[in-house]
> 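One structure, as structure tokens, below. Some questions next.
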Amino acid sequence: MRPSARCCFLAILSFGGSLLFAQKPSPSANLALTPPMGWNSWNKFGCNVSEDMIKGMADAMVKSGMKDAGYQYVVIDDCWQVSRDRDGNIVADPQRFPSGIKALADYVHLLGLKFGIYSDAGSKTCAGRPGGLGHEYQDALKYASWGVDYLKYDWCNTTSQDARASYANMRNALDASGRPIVLSICEWGTAKPWLWGKEVGGNLWRTTGDIQDRFSGKKEWEPGNCCNFGVTAILDAEDEIYSYAGPGHWNDPDMLEVGNGGMTDTEYRSHFSFWALLAAPLIAGDDLRDMKPEIHDILTNKEVIAIDQDPLGRQGRRVWKDGDLEVWSKPLSGGRRAVILFNRGESEKQITAKWTDLDYPESLSVSVRDLWQKKDLGKAAGKFSAPVAPHAVIMVTLAP
Ligand code: GLA
């Protein structure tokens, strides 16, 4: 870690005529100690963003109980920006955001929520709007003056830029504004951000191309341009990098598709369970103003959210696999484990989690609780076994 970049600002003080050097903690020092939770416009609305829609979503986050369940950041993704003025200041779309971004951030803050925005490290965003390149410090000051709490920073149109240097530069710019701002690195895993994201002050980093609202598979956007990812394809990419996540710095398997219509409720329950087990940022991506009860109940399952938000901050991983059948485990505070029995196949199967695969002594007796049935299942020793429906999970906690 480079102290001048991450931990502290060097402040120069004058004392009795001599100069003293003092270290001031960086404003971003204690951000995202558990994975950020919130909502983002992209998965459902793409470029169709406006202040009315974002306000409606913030209202719905409160009314639906999502705020109570821990969701906090309301993030506008691409397409809020249209140009730069002659001084280089970024300009929001005057038709879609007639009151300006500051007024919108104020509205979100009044609801007790936090406000996030999107830009790009290159010359243009992925949707072709003005990017941040060459304007990093100017944009950071503007965001801070608007009350931005979270910046998703994308990677389109970056030509020969170095990813690590570009994101370090933006983190330094954000810190220089004096405002604590979460930095969401959205570089799709190309330059392995899990290896350097923490050191440059990233709080989360995307690990793959964009999620698509489907259960499995990887698809090229067009021939030669890889790929968008279904849920299980992302899972496979996340497993091997589990050790890089921790408090303040998380692997980001992309935003949730829960409720967007492309999967069954069972598949959405699996998607949400896994994001919690992976200690992933839980950024909902559906229309919160119009959720069917089954979707609401998935997104607000507090026991599953508690797995994601466990203070130990460990990412879970796959501990056993046989064909379509898998066992995943996440160490929790207090010596507990979250365990998922997962069936990728097309017919119901019995799946067993063995203590020897969970780093538990075989003789250990634990209390088992099913987090979707919300039911205590009694004591178990040595193993836990259950039938699992196609594409479904059984998610339990084991407490010694
Ligand atoms: C990229 C990102 C997406 C979204 C779009 C916006 O594809 O990975 O999450 O932000 O850009 O254009």
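Basis for what follows: all heavy atoms, side chains included, without hydrogens, waters or symmetry-related copies. Whatever order the structure lists them in is the order used to number ligands and atoms, beginning at 1. Note that the coordinates shown come from a computational prediction; the quantities given were computed from them, not determined experimentally.
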> In a check of ring pair (Phe, Tyr, Trp, His ring centres under 6.0 Å) between Tyr150 and each of Tyr73, Trp39, Tyr143, which one passes?
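Answer to the ring pair (Phe, Tyr, Trp, His ring centres under 6.0 Å) test with Tyr150 among Tyr73, Trp39, Tyr143: Tyr73.
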> I need the nearest protein heavy-atom contact for atom 12 (O) of ligand 1: residue, atom name and distance, please.
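Of every protein heavy atom, Asp78 OD2, 2.8 Å lies nearest to atom 12 (O) of ligand 1.
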> In ligand 1, which numbered atoms sit nearer than 4.0 Å to a non-hydrogen atom of Cys186?
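Near Cys186, the atoms of ligand 1 are 2 (C), 8 (O).
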> Considering only heavy atoms, which of Asp254, Asp154, Ile283 lies nearest to atom 2 (C) of ligand 1?
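Answer by nearest heavy atom: Asp154.
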> Does ligand 1 have an atom under 4.0 Å from some heavy atom of Asp77?
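It does; at least one heavy atom falls under 4.0 Å.
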> Could you list which atoms of ligand 1 come closer than 4.0 Å to a heavy atom of Tyr118?
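Near Tyr118, the atoms of ligand 1 are 6 (C), 10 (O), 11 (O), 12 (O).
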> Is there a donor-acceptor contact under 3.5 Å linking the side chains of Thr207 and Asn251?
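Short answer, no.
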> Test your reading of the structure: does Arg206 have an N or O sitting under 3.5 Å from an N or O of ligand 1?
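Checking ligand 1 against Arg206, an N or O pair does fall under 3.5 Å apart.
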> I'd like to know whether the aromatic ring centres of Phe342 and Trp328 sit less than 6.0 Å apart in this structure.
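They do not qualify: ring centres at least 6.0 Å apart.
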> Closer than 4.0 Å to some heavy atom of Ala127 - which atoms of ligand 1 meet that?
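So the atoms of ligand 1 that pass are 12 (O).
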> In plain terms, say whether Asp78 and Lys152 are close enough for a salt bridge, that is, a side-chain N and a carboxylate O under 4.0 Å apart.
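Judged by the 4.0 Å cut-off on N to carboxylate O distance, Asp78 and Lys152 do not form a salt bridge.
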> What protein heavy atom sits nearest atom 9 (O) of ligand 1, and how far off is it?
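The closest heavy atom on the protein side is Lys152 NZ, 2.8 Å.
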> Name the residue from Trp80, Phe115, Tyr107 that meets the ring pair (Phe, Tyr, Trp, His ring centres under 6.0 Å) definition with Trp146.
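Result for ring pair (Phe, Tyr, Trp, His ring centres under 6.0 Å) with Trp146: Trp80.
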> I'd like to check which ligand 1 atoms, numbered from 1 as shown, lie under 4.0 Å from a non-hydrogen atom of Cys126.
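Checking each atom against Cys126, I get 1 (C), 11 (O), 12 (O).
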> Checking a contact table here: which protein heavy atom is nearest atom 8 (O) of ligand 1, and how many Å away?
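Of every protein heavy atom, Asp210 OD1, 2.5 Å lies nearest to atom 8 (O) of ligand 1.
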> Salt bridge or not between Asp210 and Arg206? Use side-chain N to carboxylate O under 4.0 Å.
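The answer is yes: the pair qualifies as a salt bridge.
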> Give me the ring orientation class for Trp194 and Tyr244: parallel if the planes are under 30° apart, tilted from 30 to 60°, perpendicular past 60°.
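Rings of Trp194 and Tyr244: tilted, as their planes differ by 30° to 60°.
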> So is Trp188 touching ligand 1 or not, going by heavy atoms under 4.0 Å?
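The answer is yes: ligand 1 sits under 4.0 Å from a heavy atom of Trp188.
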> Considering non-hydrogen atoms of the protein only, which is the closest contact for atom 5 (C) of ligand 1, and what is the distance?
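Nearest protein contact, heavy atoms only, for atom 5 (C) of ligand 1 is Trp42 CE2, 3.6 Å.
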> Hey, is the main chain of Leu110 close enough, under 3.5 Å, to the side chain of Asp106 for a donor-acceptor pair?
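Not confirmed, Asp106 side chain does not pair with Leu110 backbone.
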